[in-house]
Amino acid sequence: MFFICYWEIIKDDICQAFQEIFDSGVMPPSMSEGLIYLIPKSDRTCDDIRKWRQVTILNTAYKMFLSV
C-alpha cells in the first residue's frame, strides 16, 4: 500500500536504485533479507514441527526488482 500511495514521490529513487543494481550486479544484502514465520497448520496442539508451516516475508522492493 505504501508504494501505491507514494509512488509519485519515490518512483525516481526506486528506479535509480534498480538501475544501480543492474549496472553493478550487486544488490544490497538488506534488500534480499526475509523474515521467517512459523504458522500452525491447525488449531490443535503444535508439539511437532511437522504441524507448522514456514512462511517467509520478503522486502517489497526486492519482489518488485525480481519481477523486472
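Remember, it's a predicted structure, so these values are computed and weren't measured experimentally.
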Query raised in the report: Within a strict 4.5 Å, meaning less than it, do heavy atoms of the Ile14 and Phe3 side chains meet?
Result: yes
Query - Phe2 reachable from Met64 in the ILVMFWY side-chain graph, under 4.5 Å edges - result: yes
Query - Joint hydrophobic cluster, Trp7 plus Ile9, side-chain heavy atoms closer than 4.5 Å - result: yes
Query - Gln54 side chain reached by Leu38 side chain, heavy atoms, under 4.5 Å - result: yes
**Report entry** Single-linkage hydrophobic cluster Val55~Ile49, side-chain heavy atoms < 4.5 angstrom
**Finding:** no
**Report entry** hydrophobic_cluster_shared for Leu35 and Leu58, side chain cutoff 4.5 Å
**Finding:** no
Query raised in the report: Can you list the residues that meet the ring-ring contact (aromatic ring centres under 6.0 Å, His included) rule with Phe18, with sequence neighbours excluded?
Result: Phe65
Contacts under 3.5 angstrom, residues 20-34 side chains, donor-acceptor by atom type, not counting sequence neighbours:
unit_1: Glu20; atom_1: OE2; unit_2: Gln16; atom_2: NE2; d: 3.3
unit_1: Asp23; atom_1: OD1; unit_2: Gln19; atom_2: NE2; d: 2.9
unit_1: Ser24; atom_1: OG; unit_2: Glu20; atom_2: O; d: 2.9
unit_1: Ser24; atom_1: OG; unit_2: Val26; atom_2: N; d: 3.1
unit_1: Ser24; atom_1: OG; unit_2: Val26; atom_2: O; d: 3.4
unit_1: Ser32; atom_1: OG; unit_2: Pro29; atom_2: O; d: 3.4

